[in-house]
Colleague: 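Before we start, here is the structure in question, set down as structure tokens.
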Amino acid sequence: MALLDPSIWTDKIYVNGWREGGAGSADAVEPATGKTLGSYGVASVEDVLEAARTAAAAQKEWAARKPEERAAVLRRAGALWEEHAEELGGWITREAGSIPPKAGLETHSAANECYDASALPSHPAGEVLATNEQRWSFSRRRPAGVVSVIAPFNFPVILSIRAVAPALALGNAVLLKPDPRTAVCGGVALMRVFEEAGLPAGLLSLLPGGAEIGAAVVEAPEVRVIAFTGSTGAGRKIAESAGRLLKRAHLELGGNNAMIVLPGADLAKAASAAAFGSFMHQGQICMTTGRHIVHEDIYEQYVEALAEKAAHLPVGDPAAGNVALGPIIDENQLKKIDGIVQDAVAAGARLAAGGTSDALFYRPTVLADVTPENPAWRQEIFGPVAPVMKFSTVDEAVELANDSEYGLSLSILGDVGMAMDIADRVESGKVHINEQTVNDESNAPFGGVKDSGNGGRVGGAAANLESFTEIQWLTMRPEIAPYPF
Ligand code: NAD
């Protein structure tokens, strides 16, 4: 049977079982064709409140389970992502407008996230502390309780599962709020995987909806931790609510990532890395290469080589043919991208390639000769646009790279000695030497600084333990201690 058999989930949300959503249903639409792929249930605020109560009750029993039982559910979930990769990948291709290799990367990473998480239940849960008293003293990690996961549309599976899997593995219950544009591949798919993997009902709820449902999963009283991935604007609102309610919020936000191309860098390889960094998934990635900072000696050849790549990359329906770029997710995003490109040209940038669109298909675009004030340089575009600027000294390159409110990912191409010096001086959560900016692995700590995030991290046991547990100090004596009172 297909894992995503529509008779199971059509028009339904999941709270302790599949049922109608209090806010009705909505269509899952394929951006490449405008076709309706299915209809999913939409949650109401009452659904969220009920899911949070259900989660809090189910979580206690789940946390008390043997570690090996929780691990087994996560291992089965990992296997299901692999067994159903083609079916689930097909949904990611059509609903999120992803080329098949990107869809395959998502299902592959989802399996890895589950396998890595399956080691967490038996991971050492604390430390034995030195103490000045006649007692034993421990620091031990306990599940946080109920965790809300809010995800965006661009990598709908990875950006949900990277928090859902470790949170469940560590004994928490989870409320999942996917983006309405990818509610099936980023919501129903995860729900079905964990349902088939044998996760007890009540521990994971699927609550599709817009910003108001996102706000409700933050505010629900039982929720202790929020794992949010999305825009800096929405992240700020969530941080404000979380601060008022004294909850922990892990925020993975926007980026405007620089690629510094050093003198003497191999031009053909640099142009290939640059095209991948800027155009992969239509540039709709938080780690997209958004600013190319290129040494003046190779600047003109670099712009030419990148424009040549851009001009020849095929763009079209990823479900229908072999293309490098699929559609932009919707009309609003496309208008935003095109608006920034037009403004950039009006402000003096040279259009070296692209700048045109057909339906939701935006041509990969190269903007040369941009200045630090240019709108294409200052803003996160979230589209297939590569703004390029030249530098002459390493100090200047570092200054340009740091001249952004964001600090998520940074790439340096060329001489490793020079790159090591730059890596020590840039404000960025991730630095990749001789690779482009889009990089992620389930065991690596992921997160940004400045407006790209609040320092919370996912990825790797240390980050996941920190994010999804609370620390308890526990002391023990053989007898009741004597006191002077
Ligand atoms: P968005 O912030 O509009 O939406 C993301 C999610 O948050 C959606 O599920 C949305 O419904 C929900 N949401 C929106 N407003 C909310 C609110 N006030 N309260 C609670 N939930 C709310 O993001 P988008 O523009 O659709 O996605 C693109 C953005 O996400 C870009 O800025 C991109 O850089 C960022 N992003 C960051 C990472 C990362 O790991 N740092 C990864 C992918 C995308």
Colleague: Is there a side-chain contact between His108 and Glu82 (heavy atoms, below 4.5 Å)?
Modeller: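 When only atoms from C-beta onward are counted, Glu82 and His108 do not touch, as no gap falls below 4.5 Å.
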
Colleague: With side chains defined as the heavy atoms from C-beta onward, is the minimum distance between Asp330 and Arg181 less than 4.5 Å?
Modeller: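 Yes; the side chains approach each other to less than 4.5 Å.
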
Colleague: Check whether Asn454 reaches the backbone of Ala249 with its side chain - one donor and one acceptor, N or O, closer than 3.5 Å.
Modeller: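 Confirmed, Asn454 side chain pairs with Ala249 backbone.
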
Colleague: Side chain to side chain contact (heavy atoms under 4.5 Å, CB included) for Leu88 and Leu4? Distances and angles first, verdict last.
Modeller: CA-CA 8 Å; Leu88 299 172; Leu4 296 192; 3.8 Å; yes

Colleague: State, without any angle test, whether Trp81 and Glu113 hold a side-chain donor-acceptor pair at a distance under 3.5 Å.
Modeller: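 Absent: no donor and acceptor within the cut-off.
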
Colleague: Ignoring hydrogens, what is the shortest heavy-atom contact between Gly254 and Ser452? Give both atom names and the distance.
Modeller: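 For Gly254 versus Ser452, the nearest heavy atoms are O-OG, 2.7 Å.
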
Colleague: Using modelled atom types and a 3.5 Å cut-off, is there a donor and acceptor pairing between side-chain atoms of Arg70 and backbone atoms of Ala169?
Modeller: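 Checked: pair present.
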
Colleague: Hey, are Glu470 and Arg248 close enough for a salt bridge, meaning a charged N less than 4.0 Å from a carboxylate O?
Modeller: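 Looking at Glu470 and Arg248, the cut-off is met.
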
Colleague: Does the side chain to side chain contact (heavy atoms under 4.5 Å, CB included) test come out yes or no for Trp91 and Leu37, once each step is laid out?
Modeller: CA-CA 9 Å; Trp91 270 94; Leu37 302 170; 3.8 Å; yes

Colleague: Around Arg236, counting heavy atoms of other residues, nucleotides and ligands shown, do more than 12 lie under 6.0 Å from its CZ?
Modeller: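 Not more than 12 within 6.0 Å, no.
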
Colleague: Taking all non-hydrogen atoms of both residues into account, name the closest pair between Gly255 and Leu408 and its distance.
Modeller: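 Taking Gly255 first and Leu408 second, the nearest heavy atoms are CA-CB, 4.4 Å.
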
Colleague: Hey, are Asp403 and Arg378 close enough for a salt bridge, meaning a charged N less than 4.0 Å from a carboxylate O?
Modeller: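 Salt bridge present between Asp403 and Arg378.
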
Colleague: Do Phe194 and Val164 make a side-chain contact, defined as non-hydrogen atoms from C-beta onward lying under 4.5 Å apart?
Modeller: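 They are in side-chain contact.
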
Colleague: With no hydrogens and no angle check, just 3.5 Å: does a side-chain donor-acceptor pair link Asp11 and Ser39?
Modeller: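 There is such a pair (donor and acceptor under 3.5 Å, judged by atom type) between the side chains of Asp11 and Ser39.
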
Colleague: Do Asn464 and Val458 have side-chain heavy atoms sitting under 4.5 Å apart?
Modeller: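 They are in contact (side-chain heavy atoms under 4.5 Å apart), so the answer is yes.
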
Colleague: To the closest 0.5 Å, what do you measure between CZ (Arg363) and CG (Leu325)?
Modeller: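 With rounding to 0.5 Å, CZ (Arg363) is 7.5 Å from CG (Leu325).
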
Colleague: To check you understand the geometry: which heavy-atom pair defines the closest contact between Gly21 and Asp47, and what is its length?
Modeller: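 Here Gly21 and Asp47 meet closest at C-OD2, 3.7 Å.
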
Colleague: Looking only at atom types and distance, does a side-chain atom of Gln436 sit under 3.5 Å from a main-chain N or O of Val438, one as donor and one as acceptor?
Modeller: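 Yes; at least one donor-acceptor contact below 3.5 Å.
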
Colleague: Tell me whether the centres of the aromatic rings in Trp473 and Trp136 are closer together than 6.0 Å.
Modeller: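 Judged by ring-centre distance (under 6.0 Å), Trp473 and Trp136 do not meet the cut-off.
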
Colleague: Can we say Glu61 and Arg65 salt-bridge, meaning some charged N sits less than 4.0 Å from an Asp/Glu carboxylate O?
Modeller: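 Between Arg65 and Glu61 there is a salt bridge, with a charged N closer than 4.0 Å to a carboxylate O.
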
Colleague: Do Arg53 and Glu222 meet the salt-bridge criterion of a basic N to acidic O distance under 4.0 Å?
Modeller: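 No, no charged N to carboxylate O under 4.0 Å.
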
Colleague: Measure the shortest side-chain to side-chain distance between Thr93 and Ile99 over non-hydrogen atoms and say whether it is less than 4.5 angstrom.
Modeller: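 When only atoms from C-beta onward are counted, Ile99 and Thr93 do not touch, as no gap falls below 4.5 Å.
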
Colleague: Identify whether NZ of Lys or CZ of Arg in Arg19 sits under 6.0 Å from the centre of the six-membered ring of Tyr14 and within 45° of that ring's axis.
Modeller: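 No; the conditions do not both hold, so Arg19 does not lie above the ring face of Tyr14.
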
Colleague: How about Leu204 and Met191: do any of their side-chain heavy atoms sit closer than 4.5 Å?
Modeller: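 Yes - at least one pair of side-chain heavy atoms lies under 4.5 Å apart.
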
Colleague: Can any side-chain N or O of Gln284 pair as donor or acceptor with the backbone N or O of Ile329 at less than 3.5 Å?
Modeller: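 Answer holds: yes.
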
Colleague: Between atom NZ of Lys102 and atom CD of Gln282, what is the distance when rounded to the nearest 0.5 Å?
Modeller: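 Taking NZ in Lys102 and CD in Gln282, the distance rounds to 8.5 Å.
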
Colleague: Grab the two heavy atoms, one from Ala183 and one from Glu95, that are nearest each other, plus how far apart they are.
Modeller: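 Nearest pair, atom of Ala183 first, then Glu95: N-OE2, 3.3 Å.
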
Colleague: Tell me whether Lys177 forms a cation-pi arrangement with Phe228, defined as NZ or CZ under 6.0 Å from the six-membered ring centre and within 45 degrees of its axis.
Modeller: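 The answer is no, since Lys177 fails at least one limit relative to Phe228.
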
Colleague: Just checking, is any N or O donor in the side chain of Tyr406 or Asn257 under 3.5 Å from an acceptor N or O on the other one?
Modeller: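 No, because no side-chain N or O of Tyr406 sits under 3.5 Å from a partner of the opposite role on Asn257.
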
Colleague: If you count every heavy atom of other residues, nucleotides or ligands that lies below 6.0 Å from Gln472 atom CD, does the total exceed 12?
Modeller: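 Yes, because the 6.0 Å sphere around CD of Gln472 holds more than 12 heavy atoms from other groups.
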
Colleague: Is the number of heavy atoms from other residues, nucleotides or ligands under 6.0 Å of Glu69 CD greater than 12?
Modeller: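 Yes - once you tally the heavy atoms of other residues, nucleotides and ligands closer than 6.0 Å, there are more than 12.
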
Colleague: Side chains of Ser109 and Glu106: donor-acceptor distance under 3.5 Å anywhere?
Modeller: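 Not at all, the side chains of Ser109 and Glu106 share no donor-acceptor pair under 3.5 Å.
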
Colleague: Can you name the nearest heavy-atom pair linking Ala220 to Ala52, along with the distance?
Modeller: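 So the two residues come closest at CB-CB, 3.7 Å.
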
Colleague: Could you check whether Thr229 and Arg162, counting side-chain N and O atoms only, form a donor-acceptor pair closer than 3.5 Å?
Modeller: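 A pair is found: one side chain offers a donor N or O, the other an acceptor, under 3.5 Å apart.
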
Colleague: With a 4.5 Å heavy-atom cut-off, do Leu175 and Val146 have their side chains touching?
Modeller: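 With C-beta onward as the side chain, the pair touches.
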
Colleague: Does CD belonging to Glu87 count more than 12 external heavy atoms closer than 6.0 Å?
Modeller: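 Above 12, so yes.
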
Colleague: Looking at Glu219 and Lys247, does any basic side-chain N land under 4.0 Å from a carboxylate oxygen?
Modeller: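 Not counted as a salt bridge, because no side-chain N and carboxylate O are separated by less than 4.0 Å.
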
Colleague: Using a 3.5 Å distance criterion without hydrogens, assess whether the side chain of Thr437 forms a donor-acceptor pair with backbone atoms of Thr289.
Modeller: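 Present.
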
Colleague: Checking Lys430 side chain against Ser411 main chain: does a donor-acceptor pair fall under 3.5 Å?
Modeller: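 Pair absent, no side-chain N/O of Lys430 close to backbone of Ser411.
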
Colleague: Whether the side chain of Thr232 engages the backbone of Asp451 through a donor-acceptor N/O pair (distance < 3.5 Å, no angle test) should be reported.
Modeller: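 Present.
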
Colleague: Please confirm whether Arg291 makes a cation-pi placement over Trp377, using NZ or CZ under 6.0 Å from the six-membered ring centre and within 45° of the ring normal.
Modeller: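 Yes, a cation-pi geometry holds between Arg291 and Trp377.
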
Colleague: If I take atom CD1 from residue Ile13 and atom CG from residue Leu176, how far apart are they, to the nearest 0.5 angstrom?
Modeller: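 The CG atom of Leu176 is 12.0 Å from CD1 of Ile13, to the nearest 0.5 Å.
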
Colleague: Evaluate the criterion side chain to side chain contact (heavy atoms under 4.5 Å, CB included) for residue pair Ile150 and Val218; output intermediate values, then yes/no.
Modeller: CA-CA 9 Å; Ile150 305 173; Val218 173; 3.9 Å; yes

Colleague: Hey, mind stepping through Glu240 and Lys237 against salt bridge (Lys or Arg N to Asp or Glu O under 4.0 Å) and telling me if it holds?
Modeller: CA-CA 5 Å; Glu240 280 166 16; Lys237 290 187 190 148; over 6 Å; no

Colleague: Without swapping roles, check the side chain of Tyr115 against the backbone of Ala79 for a donor-acceptor pair under 3.5 Å.
Modeller: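 The answer is yes, because a donor-acceptor pair under 3.5 Å joins these two groups.
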
Colleague: How many angstroms lie between atom CE of Met476 and atom CG of Leu474, to the nearest 0.5 angstrom?
Modeller: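 Answer rounded to 0.5 Å: 6.5 Å.
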
Colleague: With distance as the sole criterion, is a donor-acceptor pair present between the side chains of Thr54 and Asn16 under 3.5 Å?
Modeller: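 Looking only at side-chain atoms, Asn16 and Thr54 do not form any donor-acceptor pair under 3.5 Å.
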
Colleague: With a cut-off of 6.0 Å (strictly less than), are more than 12 heavy atoms of other residues, nucleotides or ligands near NZ of Lys336?
Modeller: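 Yes, enclosed.
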
Colleague: Do Val223 and Ser148 have side-chain heavy atoms sitting under 4.5 Å apart?
Modeller: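 Side-chain contact under 4.5 Å: yes.
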
Colleague: Write down the atom of Cys114, the atom of Ile161, and the distance for their closest heavy-atom approach.
Modeller: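 Heavy-atom minimum between the residues: SG-CD1, 3.9 Å.
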
Colleague: Examine distances only and state if a side-chain atom of Asp179 and a backbone atom of Ala151 form a donor-acceptor pair shorter than 3.5 Å.
Modeller: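 Judged by distance alone, no pair lies under 3.5 Å.
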
Colleague: Side chains of Ser278 and His292: donor-acceptor distance under 3.5 Å anywhere?
Modeller: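 The answer is yes; a qualifying pair exists.
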
Colleague: So, His250 side chain and Ser467 main chain: donor-acceptor pair closer than 3.5 Å or not?
Modeller: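 Answer holds: yes.
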
Colleague: Could you go through the side chain to side chain contact (heavy atoms under 4.5 Å, CB included) check for Val29 and Lys35 one step at a time?
Modeller: CA-CA 6 Å; Val29 178; Lys35 279 187 195 149; over 6 Å; no

